[in-house]
Amino acid sequence: MRWSKLFIPTLREVPAEAEVASHRLLLRAGYVRQLSAGIYSYLYLAQRSLNKIQAIVREEMDAIGAQEMYLPALNPAEVWQESGRWDVMGDNMFRLKDRWQRDYCLGMTHEEVMTAIARGELRSYKQLPQIWYQIQTKFRDEPRPKSGLLRVRQFIMKDSYSFDVDQAGLDVSYQKHYDAYCRIFTRCGLKFAIVEAHSGSMGGSQSHEFMVASDAGEDIIVLGEQSGYAANLEKAVSKPVPPAVPDPEGDLAPEEFHTPGKKSIDDVSAFDGMPATSHIKSLVLMADGKPVLALLRGDHQLSETKFSSAVGCGEFRPAHPAEIQDLMGAEAGSLGPVGVTKMRVIADLALQGRKNMVAGANKDDYHLKNVTPGEDFTCEFADLRQVAAGDTDVNTGEPLQLVKSLEAGHIFKLGYKYSDTMGLRVTDEHGKELTPIMGSYGIGIERILCASIELYHDADGIMMPAAIAPFTVVITPVNSNDAAQKAMAEKLYEEAKAAGLDALLDDRDERPGVKFKDADLVGIPFRVTVGKKLSEGLLEFNIRRTKEKKDIAVDDAIAAVKSALASS
RNA sequence: CGGGGCGUGGCUCAGCCUGGCUAGAGCGCCUGGUUCGGGACCAGGAGGUCGGAGGUUCGAAUCCUCUCGCCCCGACCA
């Protein structure tokens, strides 16, 4: 391609609305333009990059025997009502009506449609396993689109779905995806971690996320270097730091003491001289409308995902002050488990075996000391605590790392949720009805693009891996008035194309500084500069990523690019 | 949905508090010339219903009310 003919609207100045690096650079380098909140147009450069990413995804999916399909983005309400997700998805789903006032939605994902196809057509166990996939636009009415292309309302997703006769078959399909995903992210040049994940409202048993470390990410992952432990914070477990002081000995009875105006754990702790680790934090939560008292060690945080799975509830929220007063007879600052009978009491595992701790007295401005779980109050125990910095690995005892990351891929063992509710049945080898077991596997295509920019950029611009960069090499004649340079650049460009390289000729009538700056900003991995040393038969070869530059003979140029590409 | 911020040529912003000539700057764009190895210089030029509606006023980019949009923090996030 000839740069002079292309639409690559680079910006010298940083657009005001861009915060994260990938967003800023995608705008500045002329890859994308925003149309509305969370809705972007992908211009020529972005489209080239995304095409390369999709080609890699396609190759690797095809390699595991997955079959690509193209499915409707516009879905009738019926299929979503059958699976029950018409209601579950709430405001996150774009909904619309046709001229007859029938309900439709824009697909957020395609379990329903895929299952609908499967149940109409799959008849026999002999047709299984199947892996079907699509690379298509998904729509989600995000409450808060942000960070450029990282959280948007319309985006491209590769999603695949597996149908197997049994759990063992699902395990195989799952593993195939796991391996394919590793190859995909590796080929796209990303450094990534694979973590155990919470399966969320997708249901299902097992789930892994493919995460790229980045401050622009929205998740935190927990990593143990030696143990290889890797989990999303939502689900991670750890050994907490031990209590700062041992519990008082003896079978002591709870004893009330006055704590005027002391509301938070920190307040009470400073007042009674006992560390936060000796206090019990009491939280009243309304889970599906019913009150639950959650207990944690004073220095610990409640994990919302762990709480809702422990309680088995859908939605929950902190109780309102009036509700707390009504249920507990005291304000939020003086709550405790002793004497609570009207609701479920669930204590975090870190409280198991502790004794003589401090808790609220359920009487304003009073606390109790010598409170012992199991003795002074009864409760269930469950893992409720969010892993915190300083925690150690359950097995090896090594310190765990908490790393901010962005999710680029996610694989789920769905189980029977959709096949069951939507009535997908085939005949088994004995002629009886069999419900196939499903898996679902997603990759955010734009997230690969963003992640690679987040990972690889500098003050000058993008340094994307060559495998997914919009062009591989740019040929830059320094002086467009120099006939010899111009001719040589043209020649090199033709040779590069003939050699199968994705080449760009910067034939613009611009000063060299502009061309160099643009090439760096856009992130073209290699540059061949045709300049004043041409008279000596030399060109300059630059590598964007390493800033390496060297003179090469005219005849070696194409080979140099190819070898640099091969080793990139 | 709660909190905060911002809407002025294509981009970045000034002007607004304290209302007053014809609304400015830099970058970008167009024309001509000089230049040509890291976002050149000179000269000339085009381009703005100041997000929108209503109000106050002799007079509104500026003050008031409403509204729309965008960004950030939080909540949310198969």
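Because the structure is predicted, anything quoted here is derived from the model rather than measured. Below, chain A is the first sequence line, B the second, and so on; all start at residue 1.
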d([atom1], [X]; [atom2], [N]) in whole Å:
X: A/His410; N: B/C77; atom1: NE2; atom2: C1'; answer: 12 Å
X: A/Asp509; N: B/G33; atom1: CG; atom2: P; answer: 12 Å
X: A/Asp482; N: B/U35; atom1: CG; atom2: C1'; answer: 14 Å
X: A/Arg511; N: B/U34; atom1: CZ; atom2: P; answer: 14 Å
X: A/Arg447; N: B/C77; atom1: CZ; atom2: P; answer: 14 Å
X: A/Ile475; N: B/G37; atom1: CD1; atom2: C1'; answer: 17 Å
X: A/Asn92; N: B/A75; atom1: CG; atom2: C1'; answer: 12 Å
X: A/Asn232; N: B/C77; atom1: CG; atom2: P; answer: 13 Å

Please give the distance between the [atom1] atoms of [N] and [M] as a whole number of Å.
N: B/A40; M: B/C71; atom1: P; value: 32 Å
N: B/C63; M: B/A25; atom1: P; value: 23 Å
N: B/A61; M: B/U22; atom1: P; value: 11 Å
N: B/G32; M: B/U8; atom1: P; value: 33 Å
N: B/C68; M: B/C30; atom1: P; value: 39 Å
N: B/G54; M: B/A14; atom1: C1'; value: 28 Å
N: B/C72; M: B/C29; atom1: P; value: 29 Å
N: B/C58; M: B/C41; atom1: P; value: 50 Å

Checking base pairs now: Watson-Crick or wobble, both atom distances under 3.5 Å. What partners [N]?
N: B/C1; answer: B/G74
N: B/G69; answer: B/C6
N: B/G59; answer: none
N: B/C29; answer: B/G45
N: B/G37; answer: none

Distance criterion of 3.5 Å, no angle test: do you see the side chain of A/Asp520 paired donor-to-acceptor with the base of B/G38?
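Such a pair exists between side chain and base.
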
Is there, by distance only and without an angle test, a donor paired with an acceptor across the side chain of A/Asn479 and the base of B/G37 below 3.5 Å?
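Counting by modelled atom types and ignoring angles, no donor-acceptor contact under 3.5 Å is found here.
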
Taking any heavy-atom pair under 4.0 Å as a contact, classify [X]: base, sugar-phosphate, or nothing.
X: A/Glu304; value: sugar-phosphate
X: A/Met93; value: nothing
X: A/Asp518; value: base

A/Glu218 side chain, from C-beta outward: closest of B/G39, B/C77, B/G37
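In terms of side-chain proximity for A/Glu218, the closest of B/G39, B/C77, B/G37 is B/C77.
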
By nearest atom, which of the nucleotides B/A40, B/G38, B/C76 is closest to the A/Phe516 side chain?
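Taking heavy atoms from C-beta onward, the closest nucleotide is B/G38.
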
Contacts of type side chain to side chain contact (heavy atoms under 4.5 Å, CB included), residue A/Arg24, not counting sequence neighbours:
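Only A/Val14, A/Ala18, A/Ala21 meet the side chain to side chain contact (heavy atoms under 4.5 Å, CB included) criterion with A/Arg24.
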
Any side-chain donor-acceptor pair under 3.5 Å between A/Ser162 and A/Tyr441?
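The answer is yes; a qualifying pair exists.
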
Can you tell me if A/Gln167 and A/Asp171 form a side-chain donor-acceptor pair at under 3.5 Å?
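Yes, a side-chain donor-acceptor pair sits under 3.5 Å.
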
Looking at [Y] and [X], is there a salt bridge between them, counting it only when a charged N and a carboxylate O are closer than 4.0 Å?
X: A/Lys146; Y: A/Glu218; result: yes
X: A/Arg544; Y: A/Asp458; result: yes
X: A/Arg447; Y: A/Glu454; result: no
X: A/Lys491; Y: A/Glu495; result: yes

Expected string for nucleotides 26-32 of chain B under the B/S/- scheme (protein heavy atoms, under 4.0 Å, primed atoms plus P, OP1, OP2 as sugar-phosphate) is BSS----

Can you give one letter per nucleotide of nucleotides 68-74 of chain B, 5' to 3': B if a protein heavy atom sits under 4.0 Å from the base, S if only from the sugar-phosphate, - if neither?
--SSSBB

Has the side chain of A/Arg95 got a donor or acceptor atom that lies under 3.5 Å from a matching backbone atom of A/Trp86?
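Yes.
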
Find out whether the Lys NZ or Arg CZ of A/Arg527 is both under 6.0 angstrom from the six-membered ring centre of A/Phe516 and within 45° of the ring's axis.
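Flagged: A/Arg527 positioned over aromatic ring of A/Phe516.
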
Close approaches to RNA chain B from residues 522-538 of chain A, in residue order (heavy atom, under 4.0 Å)
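The stretch gives A/Arg527, A/Thr529, A/Gly531, A/Lys532 as the residues lying under 4.0 Å from the strand, ordered by number.
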
Which heavy-atom pair separates A/Ile64 from A/Lys176 by the least distance, and what is that distance?
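Here A/Ile64 and A/Lys176 meet closest at CG2-O, 3.9 Å.
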
Could you report the tightest heavy-atom contact between A/Val528 and A/Leu539, atom names first, then the distance?
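Smallest interatomic distance, heavy atoms only, reads CG1-CD1, 3.9 Å.
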
A/Tyr40/A/His23 aromatic ring centres below 6.0 Å
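Yes, they do, as the ring centres are separated by less than 6.0 Å.
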
Can you list everything that forms a side chain to side chain donor-acceptor pair (under 3.5 Å) with A/Tyr44? Sequence neighbours excluded, please.
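Checked A/Tyr44 against side chain to side chain donor-acceptor pair (under 3.5 Å); matches are A/Arg48.
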
Which residue lies more 5' along RNA chain B, comparing A/Ser480 with A/Lys515 via nearest heavy atoms:
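Per heavy-atom nearest nucleotide, the more 5' residue is A/Ser480.
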
What pairs of donor and acceptor atoms, side-chain ones from residues 284-292 of chain A against any protein atom, are under 3.5 angstrom apart with sequence neighbours left out?
unit_1   : atom_1 : unit_2   : atom_2 : d
A/Asp288 : OD1    : A/Gly314 : N      : 3.2
A/Asp288 : OD1    : A/Glu315 : N      : 3.0
A/Asp288 : OD2    : A/Gly314 : N      : 3.0

